[in-house]
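As structure tokens, the structure follows; a few thoughts come after it.
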Amino acid sequence: MKHTPKISAEFEDYLKQNDMTLSQFAEYSGVHQRTLSNWITQHRPVSVQQLDRITAAMDLPEGYFYDVYIENYIIELSPNFRRIEPLLYRCAELDKLDAIRRMVGHIMDNPLYASRLFDIAEALFEQSRHAAALLLYKNVAEVEKYQHSERLAICQYRIFTIQVGDDQGLNLKAATLFEPFVERLDEIDQLDALKDLANVYRSLRLWDRLDVIAHKMRDKAEIQYTLEHQQKKRNHAQLEKKLTRPLFVYITYADLLCASVYEAKGDYEQALEYTYAYANLDWVKETDEDTLHWLELFLNWALCNTCVNKLLSGDISVLPDYVEYISISSNTTNELVTQLLNIMMTANRYEVDVDDILEQFEMKIDSITQQQLSADMYTHQVVPEQSTRFKYELAKYYLNKANYSLGFKHLLDVLSKSLVINKEAFFISCIKLFEQFKPFAGFRVCTKYESLVREGRKERLFYY
């Protein structure tokens, strides 16, 4: 971009080069002639909307003049939020993050702007312009880091939500930084925050931390549910609007999470106790359509997970019933991943032949690799981890059955995926499994394996 002392100077050059009068340009651009004249002669700033019209009329890319505009009319002049606010929104639309950094860095010396920037960040967050919103949240959080305010806690919650992604190492860091701020949130907002933290810890298999978070969520949700149904209860519509799920779900979901903790630790008896807890939902008072939907979900999950805990404890007699349940249920891809994982874990743990089951679900297994993930934090975090675990168990099963072609295919897939999600435990498990069966690997398989191991060493996923 041609950097000039004033945008107006480049504009005047354009008029001369195109032999155009101010009147003609005004008619063509839709910007009043007097506005253009005052801009050139008196150096009065034009609005962002007017600048966009001028830029379009000059046949230049959107946002072409923004950097110079920021320099001339925001940094060199006293901050004027009437100019800054619309420009922030436009820069967010055009993904001009450096321009946002410059503006925000210029005005954040004045803490009075924190409130207005927070409101803009919230609006951008609602519009899913997360990269731009993240910059604003971080600046507001920095200004208010000693205030212990609810706004600071909300900023930290949004930062956590935006930063959670495929890299499990970064997810752990984001969750660890956010967790101390949960208690500063509004009592209702805390429920969704704890739910989101729980889903991250669950995907990381940090069972002790998940157990603590799940119990916190259950205790807080029970208090709110009791208050909701007392004589002097709060406005029900407002409360439900703030939550992403019906209030009772946070209680029952906490039980489900606790069941998953004990299942992972191999305490299937305790896992069943928690499963029976969220199977018994007679205490739920609401009868609306959304409530009935969630009640049906939890009852189905309880039925399924009761079978799962018996299966994983070694009761192979329930395997046919479990397979039948999967066959007749309207499973989402997300649910199917976990269900098939349970079968493969059982097969490997108790040396059960499940070839006929794998053949029965062959098409569904293929669909697992093509699943489309939503923005929901559970789906985005837990499901990819479960999918990778399933493929690992599948690789282990085939290798133990001497089906080396399929075994190594799935194992290398897991190894590659571990690099993407920065999952050290998966990576090391894959290395151990490969080394166990390495004598049966062909040249191409070994070459691919060694390449992935070098990449893992470079990414510092493991050392030897």
Side-chain angles (χ1 to χ4, degrees), residues 118-119 121-128 130 133-134 137 140-141 149-165 171-172 174-204 206 209-229 233-258 260-261 278 284 286 288 290-291 293-295 297-298 301 334 373-383:
F118 173 78
D119 291 339
E122 288 285 84
L124 293 176
F125 184 81
E126 287 296 317
Q127 297 169 13
S128 296
H130 291 161
L134 181 61
Y137 285 129
V140 174
S149 64
E150 182 182 339
R151 183 162 62 205
L152 172 61
I154 294 173
C155 284
Q156 295 293 350
Y157 185 19
R158 300 287 189 256
I159 291 169
F160 162 70
T161 302
I162 293 169
Q163 289 184 330
V164 167
N171 293 343
L172 175 58
T176 303
L177 290 174
F178 167 60
E179 189 174 338
F181 292 92
V182 172
E183 295 290 337
R184 301 187 199 175
L185 290 168
D186 174 85
E187 292 174 335
I188 301 302
D189 290 334
Q190 287 181 30
L191 297 179
D192 274 319
L194 289 168
K195 169 183 64 66
D196 292 339
L197 269 175
N199 287 331
V200 171
Y201 289 145
R202 186 180 180 187
S203 73
L204 293 166
L206 296 175
R209 294 177 77 168
L210 173 59
D211 191 45
V212 171
I213 294 297
H215 277 91
K216 279 186 180 180
M217 181 169 69
R218 194 185 204 289
D219 291 344
K220 291 177 182 293
E222 280 188 321
I223 291 171
Q224 295 304 319
Y225 196 80
T226 300
L227 291 173
E228 174 70 4
H229 292 281
K233 64 183 180 181
R234 71 188 75 200
N235 185 288
H236 179 78
Q238 287 182 352
L239 184 144
E240 293 296 326
K241 187 177 180 180
K242 289 191 71 174
L243 292 170
T244 60
R245 289 153 174 75
L247 183 53
F248 85 91
V249 170
Y250 297 85
I251 301 173
T252 52
Y253 187 52
D255 287 332
L256 186 150
L257 291 173
C258 289
S260 70
V261 169
Y278 68 81
V284 177
E286 292 78 17
D288 59 276
D290 198 22
T291 296
H293 165 74
W294 281 99
L295 286 172
L297 283 179
F298 276 105
W301 290 335
N334 305 339
L373 300 181
S374 73
D376 178 85
M377 199 167 289
Y378 173 81
T379 308
H380 192 63
Q381 285 304 302
V382 178
V383 174

* **pair Tyr157-Asp192: side-chain heavy atoms closer than 4.5 Å** => yes
* Looking at side-chain heavy atoms only, is the closest gap between Glu228 and Phe248 below 4.5 Å? -> no
* To do: State, with a plain yes or no, whether a side-chain heavy atom of Lys195 is found less than 4.5 Å away from one of Thr244.
  => yes
* About how many Å separate OG1 of Thr161 and CD1 of Ile154, when rounded to the nearest 0.5 Å? -> 11.5 Å
* Asked: Say you draw a straight line from CG of Leu297 to NE2 of His293; how long is it, rounded to the nearest 0.5 Å?
  -> 4.0 Å
* Structure fact -> Correct closest heavy-atom pair for Ala133 and Ile162 would be CB-CD1, 4.4 Å
* Does the side chain of Ser149 come within less than 4.5 Å of Arg184's, by heavy atoms? -> no
* Side-chain heavy atoms of Tyr250 within contact of Leu194, under 4.5 Å -> no
* Given side chains that start at C-beta, do those of His130 and Leu124 come closer than 4.5 Å, heavy atoms only? -> no
* Structure fact -> Here the gap from Leu191 atom CG to Leu247 atom CG, rounded to the nearest 0.5 Å, amounts to 6.5 Å
* To do: Step by step, work out the side chain to side chain donor-acceptor pair (under 3.5 Å) result for His229 and Gln224.
  => CA-CA 9 Å; His229 292 281; Gln224 295 304 319; over 6 Å; no
* To do: Compute whether any side-chain donor of one residue and acceptor of the other, for Asp288 and Thr291, lie under 3.5 angstrom apart.
  => yes
* For the pair Phe178 and Asp196, evaluate side-chain contact (heavy atoms from CB on, under 4.5 Å) and give the outcome as yes or no after the intermediate values. => CA-CA 11 Å; Phe178 167 60; Asp196 292 339; over 6 Å; no
* Can you find a heavy atom in the side chain of Gln190 that is under 4.5 Å from one in the side chain of Lys220? -> yes
* Does the side chain of Phe298 come within less than 4.5 Å of Val249's, by heavy atoms? -> yes
* Structure fact -> Note: Tyr137 and Ala121 closest approach over all heavy atoms is OH-O, 3.3 Å
* Charged N to carboxylate O under 4.0 angstrom, Glu122 versus Arg151? -> no
* Quick one: pull up CG in Asn171 and OG1 in Thr176 and give me the separation to the nearest 0.5 Å. => 10.5 Å
* Structure fact -> Of all heavy-atom pairs linking Leu210 and Ala198, the shortest is CD1-O, 3.4 Å
* Could you tell me the separation between the CG atom of Leu134 and the SG atom of Cys155, rounded to the nearest 0.5 Å? => 10.5 Å
* Indicate whether any N or O donor in one side chain lies under 3.5 Å from an N or O acceptor in the other, for Asn199 and Tyr253. => yes
* Closest approach of Leu197 to Val182 (non-hydrogen atoms, all atoms of both residues) -> CD1-CG2, 3.6 Å
* Euclidean distance, Arg202 CZ relative to Ile213 CD1, rounded to 0.5 Å -> 14.5 Å
* Take Met217 and Leu257 through the test side-chain contact (heavy atoms from CB on, under 4.5 Å) and record every step on the way to the result. => CA-CA 10 Å; Met217 181 169 69; Leu257 291 173; 3.9 Å; yes
* To do: Provide the closest heavy-atom pair for Phe181 versus Ala153 in the form atom of the first, atom of the second, distance.
  => O-CB, 3.6 Å
* Asked: Which heavy-atom pair separates Ala175 from Phe160 by the least distance, and what is that distance?
  -> CA-CE1, 3.7 Å
* List the steps, then state whether side-chain contact (heavy atoms from CB on, under 4.5 Å) holds for Val284 with Thr252. => CA-CA 10 Å; Val284 177; Thr252 52; 5.6 Å; no
* To do: Just do the side-chain contact (heavy atoms from CB on, under 4.5 Å) check on Arg209 and Leu172 with the steps written out, would you?
  => CA-CA 11 Å; Arg209 294 177 77 168; Leu172 175 58; 3.7 Å; yes
